[in-house]
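Okay, structure first, notes after.
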Amino acid sequence: YDTEEHTLRELRIFLRDMCKKLANNRLFFMFTKPVDTEEVPDYTTIIKKPMDLETMMMKVDFHKYECARDFLNDIELICQNALEYNPARTSADKQIRHRACSLRDYAYTLIKTEMDSDFEDKCQEIAKKR
Ligand SMILES: O=C(C1CCC1)N1C[C@@H]2C[C@H]3C[C@@H](O)[C@@H](O)[C@]2(C1)O3
(Lines give C-alpha, C1' and ligand atoms only; values in the text may rest on other atoms or scores of the structure.)
Protein backbone atom coordinates (compact mmCIF):
# COMPACT_ATOMS: atom_id res chain seq x y z
CA TYR A 1 0.00 0.00 0.00
CA ASP A 2 3.11 2.21 0.52
CA THR A 3 2.09 5.42 -1.25
CA GLU A 4 5.73 6.56 -1.65
CA GLU A 5 6.45 3.45 -3.76
CA HIS A 6 3.28 4.11 -5.77
CA THR A 7 4.48 7.68 -6.41
CA LEU A 8 7.95 6.53 -7.51
CA ARG A 9 6.44 3.83 -9.73
CA GLU A 10 4.28 6.46 -11.42
CA LEU A 11 7.40 8.63 -11.89
CA ARG A 12 9.23 5.71 -13.59
CA ILE A 13 6.30 5.15 -15.97
CA PHE A 14 6.30 8.85 -16.85
CA LEU A 15 10.10 9.01 -17.33
CA ARG A 16 10.11 5.88 -19.58
CA ASP A 17 7.55 7.64 -21.78
CA MET A 18 9.72 10.78 -21.88
CA CYS A 19 12.82 8.71 -22.77
CA LYS A 20 10.92 6.93 -25.54
CA LYS A 21 9.63 10.18 -27.04
CA LEU A 22 13.14 11.67 -27.07
CA ALA A 23 14.89 8.51 -28.36
CA ASN A 24 12.26 7.99 -31.09
CA ASN A 25 12.72 11.53 -32.47
CA ARG A 26 15.04 11.19 -35.50
CA LEU A 27 16.54 14.63 -34.72
CA PHE A 28 18.10 13.13 -31.57
CA PHE A 29 19.43 9.81 -32.95
CA MET A 30 23.02 10.91 -32.14
CA PHE A 31 22.13 11.00 -28.41
CA THR A 32 20.51 7.55 -28.24
CA LYS A 33 23.65 5.43 -27.60
CA PRO A 34 26.92 5.97 -25.68
CA VAL A 35 29.69 7.56 -27.79
CA ASP A 36 31.79 4.65 -29.12
CA THR A 37 35.15 4.97 -27.32
CA GLU A 38 36.75 2.59 -29.90
CA GLU A 39 35.69 4.98 -32.67
CA VAL A 40 36.48 8.07 -30.55
CA PRO A 41 39.48 7.11 -28.34
CA ASP A 42 39.99 10.60 -26.80
CA TYR A 43 36.33 11.00 -25.83
CA THR A 44 36.69 9.90 -22.19
CA THR A 45 39.83 12.04 -21.72
CA ILE A 46 37.71 15.13 -22.50
CA ILE A 47 34.24 14.07 -21.28
CA LYS A 48 34.34 12.89 -17.66
CA LYS A 49 30.67 11.94 -17.33
CA PRO A 50 29.34 10.45 -20.60
CA MET A 51 25.55 10.16 -20.84
CA ASP A 52 23.00 9.04 -23.47
CA LEU A 53 19.29 8.22 -23.73
CA GLU A 54 19.72 4.40 -23.63
CA THR A 55 21.71 4.73 -20.39
CA MET A 56 18.98 7.02 -19.02
CA MET A 57 16.31 4.41 -19.82
CA MET A 58 18.37 1.85 -17.85
CA LYS A 59 18.72 4.31 -14.97
CA VAL A 60 14.91 4.66 -14.84
CA ASP A 61 14.60 0.86 -14.50
CA PHE A 62 17.32 0.80 -11.83
CA HIS A 63 15.36 3.36 -9.79
CA LYS A 64 18.18 5.94 -10.14
CA TYR A 65 15.78 8.87 -10.65
CA GLU A 66 13.68 10.00 -7.67
CA CYS A 67 12.23 13.09 -9.40
CA ALA A 68 12.04 14.68 -12.86
CA ARG A 69 14.75 17.20 -11.92
CA ASP A 70 17.29 14.32 -11.56
CA PHE A 71 16.22 13.12 -15.05
CA LEU A 72 16.62 16.63 -16.52
CA ASN A 73 20.09 16.88 -14.93
CA ASP A 74 21.18 13.92 -17.11
CA ILE A 75 19.60 15.53 -20.20
CA GLU A 76 21.65 18.63 -19.35
CA LEU A 77 24.75 16.38 -19.13
CA ILE A 78 24.09 14.97 -22.63
CA CYS A 79 23.78 18.53 -23.92
CA GLN A 80 26.87 19.95 -22.16
CA ASN A 81 29.02 16.96 -23.24
CA ALA A 82 28.00 17.50 -26.88
CA LEU A 83 28.77 21.24 -26.69
CA GLU A 84 32.15 20.59 -25.06
CA TYR A 85 33.33 17.79 -27.34
CA ASN A 86 32.07 19.38 -30.57
CA PRO A 87 33.10 23.08 -30.34
CA ALA A 88 34.38 23.60 -33.90
CA ARG A 89 32.88 26.06 -36.38
CA THR A 90 32.43 23.23 -38.89
CA SER A 91 28.88 22.51 -40.08
CA ALA A 92 29.07 19.02 -38.52
CA ASP A 93 29.91 20.40 -35.06
CA LYS A 94 27.41 23.25 -35.44
CA GLN A 95 24.63 20.75 -36.24
CA ILE A 96 25.56 18.62 -33.19
CA ARG A 97 25.45 21.69 -30.94
CA HIS A 98 22.12 22.83 -32.42
CA ARG A 99 20.64 19.36 -31.89
CA ALA A 100 21.98 19.26 -28.32
CA CYS A 101 20.24 22.55 -27.50
CA SER A 102 17.05 21.30 -29.19
CA LEU A 103 17.15 18.09 -27.10
CA ARG A 104 17.55 20.11 -23.89
CA ASP A 105 14.77 22.59 -24.73
CA TYR A 106 12.40 19.88 -25.99
CA ALA A 107 12.93 17.73 -22.86
CA TYR A 108 12.33 20.64 -20.46
CA THR A 109 9.18 21.72 -22.35
CA LEU A 110 7.84 18.15 -22.63
CA ILE A 111 8.22 17.61 -18.88
CA LYS A 112 6.96 21.06 -17.87
CA THR A 113 3.83 20.68 -20.01
CA GLU A 114 3.10 16.97 -19.37
CA MET A 115 3.97 16.72 -15.68
CA ASP A 116 1.77 17.89 -12.81
CA SER A 117 3.97 20.24 -10.76
CA ASP A 118 2.41 19.00 -7.49
CA PHE A 119 3.48 15.46 -8.50
CA GLU A 120 7.09 16.63 -9.04
CA ASP A 121 7.02 18.46 -5.68
CA LYS A 122 5.86 15.22 -4.02
CA CYS A 123 8.74 13.30 -5.68
CA GLN A 124 11.27 15.90 -4.53
CA GLU A 125 9.92 15.72 -0.94
CA ILE A 126 10.36 11.92 -1.00
CA ALA A 127 13.90 12.32 -2.43
CA LYS A 128 14.82 14.77 0.38
CA LYS A 129 13.83 12.25 3.06
CA ARG A 130 15.97 9.45 1.57
O1 LIG B 1 29.83 13.81 -29.24
C2 LIG B 1 29.48 12.90 -29.99
C3 LIG B 1 28.02 12.54 -30.18
C4 LIG B 1 27.31 13.59 -31.02
C5 LIG B 1 26.53 14.04 -29.78
C6 LIG B 1 27.14 12.89 -29.00
N7 LIG B 1 30.37 12.17 -30.68
C8 LIG B 1 31.78 12.41 -30.74
C9 LIG B 1 32.16 12.10 -32.19
C10 LIG B 1 32.43 13.41 -32.91
C11 LIG B 1 31.39 13.44 -34.04
C12 LIG B 1 31.91 12.55 -35.19
C13 LIG B 1 31.28 11.20 -35.24
O14 LIG B 1 32.11 10.29 -35.90
C15 LIG B 1 30.96 10.57 -33.90
O16 LIG B 1 31.98 9.69 -33.51
C17 LIG B 1 30.85 11.62 -32.82
C18 LIG B 1 30.03 11.15 -31.65
O19 LIG B 1 30.26 12.77 -33.40
Side-chain angles (χ1 to χ4, degrees):
Y1 172 70
D2 181 342
T3 54
E4 282 195 6
E5 287 319 307
H6 285 314
T7 302
L8 293 175
R9 187 173 305 114
E10 188 174 342
L11 174 71
R12 290 193 295 276
I13 293 166
F14 175 81
L15 293 180
R16 284 191 196 95
D17 181 50
M18 289 300 109
C19 246
K20 196 170 70 173
K21 283 183 175 149
L22 296 171
N24 289 351
N25 187 325
R26 285 179 303 286
L27 284 173
F28 307 138
F29 77 91
M30 59 186 76
F31 306 114
T32 53
K33 301 274 183 199
V35 171
D36 184 341
T37 46
E38 312 267 306
E39 183 190 313
V40 192
D42 72 340
Y43 190 74
T44 53
T45 66
I46 295 166
I47 300 301
K48 294 309 168 197
K49 293 171 73 182
M51 188 47 64
D52 67 279
L53 293 169
E54 182 183 75
T55 300
M56 289 183 67
M57 185 67 94
M58 285 167 54
K59 285 182 73 171
V60 173
D61 293 345
F62 297 161
H63 300 200
K64 299 292 186 184
Y65 299 122
E66 292 182 318
C67 56
R69 181 191 48 206
D70 292 348
F71 182 90
L72 286 171
N73 288 344
D74 272 351
I75 292 287
E76 195 63 43
L77 189 51
I78 292 176
C79 178
Q80 287 308 320
N81 290 347
L83 299 181
E84 280 158 35
Y85 190 81
N86 305 282
R89 60 177 305 283
T90 61
S91 60
D93 280 29
K94 280 181 184 170
Q95 188 192 61
I96 289 171
R97 295 199 300 274
H98 180 75
R99 295 284 175 82
C101 296
S102 303
L103 173 74
R104 180 198 56 207
D105 294 345
Y106 185 69
Y108 272 90
T109 303
L110 206 53
I111 288 178
K112 282 282 174 294
T113 54
E114 296 203 8
M115 187 176 216
D116 181 312
S117 54
D118 292 349
F119 180 80
E120 170 65 0
D121 292 345
K122 202 161 143 193
C123 292
Q124 292 189 15
E125 282 311 304
I126 294 171
K128 266 190 236 163
K129 285 191 295 173
R130 297 198 170 189

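Just follow the structure's listing: the first ligand is 1, and inside any ligand the first atom is 1. Reckoned from all heavy atoms, side chains included, excluding hydrogens, waters and symmetry mates.
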**Asked** Do D42 and Y85 come within less than 4.5 Å of each other through their side chains, counting heavy atoms only?
**Response** yes
**Message:** Keeping R12 on the side-chain end and H63 on the backbone end, is there a donor-acceptor pair under 3.5 Å?
**Reply:** no
**Prompt:** Heavy atom under 4.0 Å from ligand 1: found in N86's side chain, backbone, both, or neither?
**Reply:** side chain
**Item:** Atom indices of ligand 1, in the order listed, that fall short of 4.0 Å to a heavy atom of F31
**Value:** 5 (C)
**Message:** Show the atoms of ligand 1 that are less than 4.0 angstrom away from any heavy atom in Y85.
**Reply:** 8 (C), 10 (C)
**Asked** What is the minimum heavy-atom distance between C101 and C79, and which atoms define it?
**Response** N-SG, 4.2 Å
**Message:** I need the single residue from D17, N24, N25 that forms a side-chain hydrogen bond (donor to acceptor under 3.5 Å, both in side chains) with K21. Which is it?
**Reply:** D17
**Complete:** among protein heavy atoms, the one nearest atom 19 (O) of ligand 1 is I96 CD1, 3.8 Å
**Fill in**
Heavy atoms of A107 and I75 approach each other most closely as CB-CG2, 3.9 Å
**Asked** Against heavy atoms of V35, which atoms of ligand 1 measure under 4.0 Å?
**Response** 2 (C), 3 (C), 6 (C), 7 (N)
**Minimal non-hydrogen separation, M115 against F119, with atom names** = CE-CD2, 3.5 Å
**Message:** Are the side chains of C67 and E120 in contact, using a 4.5 Å heavy-atom criterion?
**Reply:** yes
**Asked** Quick one: does atom 12 (C) of ligand 1 have a protein heavy atom under 4.0 Å from it?
**Response** no
**Prompt:** Considering only the protein, which heavy-atom contact is closest to atom 15 (C) of ligand 1, and what is its distance?
**Reply:** E39 OE2, 3.5 Å
**Complete:** Looking only at protein heavy atoms, what sits closest to atom 17 (C) of ligand 1 is V40 CG2, 4.6 Å
**Asked** Just distances here: any N/O of Y43 and N/O of ligand 1 closer than 3.5 Å?
**Response** no
